[in-house]
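What follows is one structure encoded as structure tokens, with my remarks underneath.
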Amino acid sequence: MTIYVDPPTWPGHGRLWSHLVSDVSYEELHAFAEAMGVPRRAFERDHYDLPSHRYADAVGAGAVQVSSREVVRLLTLAGLRRRKGAVPHARPYPTYPTYPTHPTPHPRSS
């Protein structure tokens, strides 16, 4: 189990935040966050938002310290990156219906 955390440099709601991520699965991430007592409402798309005062707790619980760029790289390589505004579990390319190459004759056209 490897969980990663970036430094608390992201401002919001009058404080700084870190991102807690997994490069294996969301289940692994949820289990780690739950063990730390981080509420599920802190989960956003592909990471947990972690206030700066909990950064040391995450590292103490075994999270590996990485840069913010590394967080994005790890999520992308693992196929777990969910970009803001993206449709959850959407295919990266459009799908089109398939049609037979030779149309079947209409039953009444004989």
Under the side chain to side chain donor-acceptor pair (under 3.5 Å) test, residues paired with Ser68 that sit two or more places apart: Asp6, Trp10

Using links of under 4.5 Å between side-chain heavy atoms of ILVMFWY residues, direct or through other members, which residues join Val72 in one cluster? none

Considering all heavy atoms of both residues, which atom of Val21 and which atom of Val71 are nearest to each other, and what is their separation? CG1-CG1, 3.7 Å

Applying side chain to side chain contact (heavy atoms under 4.5 Å, CB included), can you list everything that pairs with Ala61, at least two apart in sequence or on another chain? Phe32, Met36

Test Glu27 against Leu29 for side-chain contact (heavy atoms from CB on, under 4.5 Å), laying out the working first. CA-CA 5 Å; Glu27 291 78 19; Leu29 179 59; over 6 Å; no

Considering residues at least two apart in sequence or located in another chain, which fulfil the side chain to side chain contact (heavy atoms under 4.5 Å, CB included) criterion with Glu70? Val66, Ser67, Arg73, Leu74

When rounded to the nearest 0.5 angstrom, what distance separates CG in Leu20 from CZ in Arg54? 10.0 Å

Do the side chains of Asp46 and Tyr26 get nearer than 4.5 Å, heavy atoms only? yes

Hey, what's the ring geometry for His13 with Trp17, parallel, tilted or perpendicular (30° and 60° as the breaks)? perpendicular

Does the side-chain contact (heavy atoms from CB on, under 4.5 Å) test come out yes or no for Val64 and Ile3, once each step is laid out? CA-CA 6 Å; Val64 176; Ile3 300 295; over 6 Å; no

Smallest separation among heavy atoms of Leu50 and Val5, with atom names: CD2-CG2, 4.2 Å

Heavy-atom distance under 4.5 Å between the side chains of Val24 and Thr2, does that happen here? no

Can you list everything that forms a side chain to side chain contact (heavy atoms under 4.5 Å, CB included) with Ala42? Sequence neighbours excluded, please. Val38, Tyr48

Gap between atom CD of Gln65 and atom OH of Tyr55 - 0.5 Å precision: 3.5 Å

Write out all pairs satisfying salt bridge (Lys or Arg N to Asp or Glu O under 4.0 Å) with one or both partners inside residues 9-18, taking only residues at least two apart or from two chains. none

Measuring from atom OG of Ser22 to atom NE2 of His47, what distance do you get when rounded to the nearest 0.5 angstrom? 14.0 Å

